[in-house]
Amino acid sequence: MKNHRTFLRRTKYDDINLQDLFVGNRLNVFSRQLHLIEYGDQYTASKLGSRKEKTLAMIKPDATDKMGTIIQLIYDAGLTVTKAKMTALSRKEAMDFYAEHQSKSFFNNLVQFVTSGPVVAMEILGDEAVTAWRRLLGPTDSSVARNEAPDSVRANFGTDGTKNAGHGSDSLASAARVSVLFG
C-alpha cells in the first residue's frame, strides 16, 4: 500500500496454465512480457519445478527438405520448438560444434558433411526434452535405427552413421554449450 491505494491485487487470468509456469519461460500477462527466472520460494519450486528442459536439436543438410515433417514429429512427441534458425555452418563452427568428436576417425567426414549445406538449429522445450529428442531421433547409425526404432527420424530420413538426418545433445550441459554457437 502506497498512499493508501492498492498497488497489487490477486486477479484471475485465464490465459495462463499451470504447465506455463517454469523457469526460463516467457509469459504475457496484461500485455506485459514476464520472464520467469526463479521460483519465489522452495515450496513453489517443489510444486511447479517439473521436468521441463531445453535442448538443442539440429536437422542436418541431408534432411532439411524434410524439415516440416520432422518439426511435426517434434510437436507430436509433446515437445515445443521455441527457437529455430536455418544457417550454413563454416568449417570452424562445425569443428567447434563437434569438438567432443575431434579425436575420432569420423570427425573430418562429419565436419565436411555438416558444412555441405544448410542446417536447421532448434531449441526444443518439453518434459525431459534431452531424452525425448534423442528417443525421437533413434540410434546414431540409420541402418541400426531401421531395425531398432523404425519410426525414428534417423530410420526414416537418414542413410548411414554420418548422414543420419539430425543431431541431439546427450546432456543438458552439452545442449547449453552448443546452443551458444547458434545464438
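Fair warning: this is a prediction, and the values are worked out from it, not measured in the lab. We number each residue from 1, following the sequence as shown.
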ask   = Which pair of heavy atoms, one from N147 and one from P150, lies closest together, and at what distance?
value = O-CD, 4.2 Å
request  = Return the minimal non-hydrogen interatomic distance between F107 and H101, and the atom names on each side.
outcome  = CB-O, 3.4 Å
key: CD/Q42: more than 12 non-hydrogen atoms of other groups inside 6.0 Å   = no
query = For T140, does its backbone N or O pair with a side-chain atom of N164 as donor and acceptor, under 3.5 Å?
reply = yes
Residue pair Q72 / D76, side-chain donor-acceptor N/O under 3.5 Å = yes
query = Is the backbone of D160 close enough, under 3.5 Å, to the side chain of S142 for a donor and an acceptor to pair up by distance?
reply = yes
inquiry  = On a heavy-atom basis, which atom in Y13 and which in N28 lie closest, and how many Å separate them?
reply    = OH-O, 3.4 Å
message = Taking atom CD as the centre, does Q112 end up with more than 12 heavy-atom neighbours from other residues, nucleotides or ligands that are less than 6.0 angstrom away?
response = no
key: Atom pair OG1 (T55) and CD (E128), whose distance is rounded to the nearest 0.5 Å   = 12.5 Å
ask   = Tell me, do D62 and F157 make a side-chain contact under 4.5 Å, heavy atoms counted?
value = no
task = Could you check Q33 against L27 for side chain to side chain contact (heavy atoms under 4.5 Å, CB included), going step by step and ending with a plain yes or no?
result = CA-CA 6 Å; Q33 188 177 57; L27 301 168; over 6 Å; no
remark   = CG of L34 to CZ of R26, rounded to nearest 0.5 Å, is 10.5 Å
ask   = If you take all heavy atoms of T162 and K60, which pair is closest and at what distance?
value = O-NZ, 3.5 Å
request  = For A132 and D127, work out which heavy atoms get closest and say how close.
outcome  = CB-O, 4.3 Å
ask   = Atom OG of S152 and atom CZ of R135: how far apart are they, to the nearest 0.5 Å?
value = 12.0 Å
key: Student check: side-chain heavy atoms of I124 and I74 closer than 4.5 Å   = yes
key: Any I59 side-chain heavy atom under 4.5 Å of K66 side chain   = no
ask   = Any side-chain heavy atom of M58 sitting closer than 4.5 Å to one from V120?
value = no
message = Classify the ring geometry of H167 against Y98: parallel below 30°, tilted from 30° to 60°, perpendicular beyond 60°.
response = perpendicular
inquiry  = So, using side chain to side chain contact (heavy atoms under 4.5 Å, CB included) as the criterion, who are the partners of L137 when residues are at least two apart?
reply    = W133, V153, R154
note = Of L79, L125, V130, the one forming a side-chain contact (heavy atoms from CB on, under 4.5 Å) with E53 is V130
message = Nearest 0.5 Å, please: how far is CG in D151 from CG in L73?
response = 9.0 Å
Non-hydrogen side-chain atoms of M86 and M67 separated by less than 4.5 Å = yes
task = For E93 and S90, indicate whether the former's side chain and the latter's backbone hold a donor-acceptor pair under 3.5 Å.
result = yes
task = Compare every heavy atom of P61 with every heavy atom of V119, then report the nearest pair and how far apart it is.
result = CG1-CD, 3.6 Å
Criterion side chain to side chain contact (heavy atoms under 4.5 Å, CB included) on Q102 and M95, from CA distance to verdict = CA-CA 8 Å; Q102 204 157 13; M95 290 174 76; 4.2 Å; yes
task = Decide yes or no on side chain to side chain contact (heavy atoms under 4.5 Å, CB included) for L110 and F97, but give the supporting numbers first.
result = CA-CA 11 Å; L110 183 61; F97 186 79; over 6 Å; no
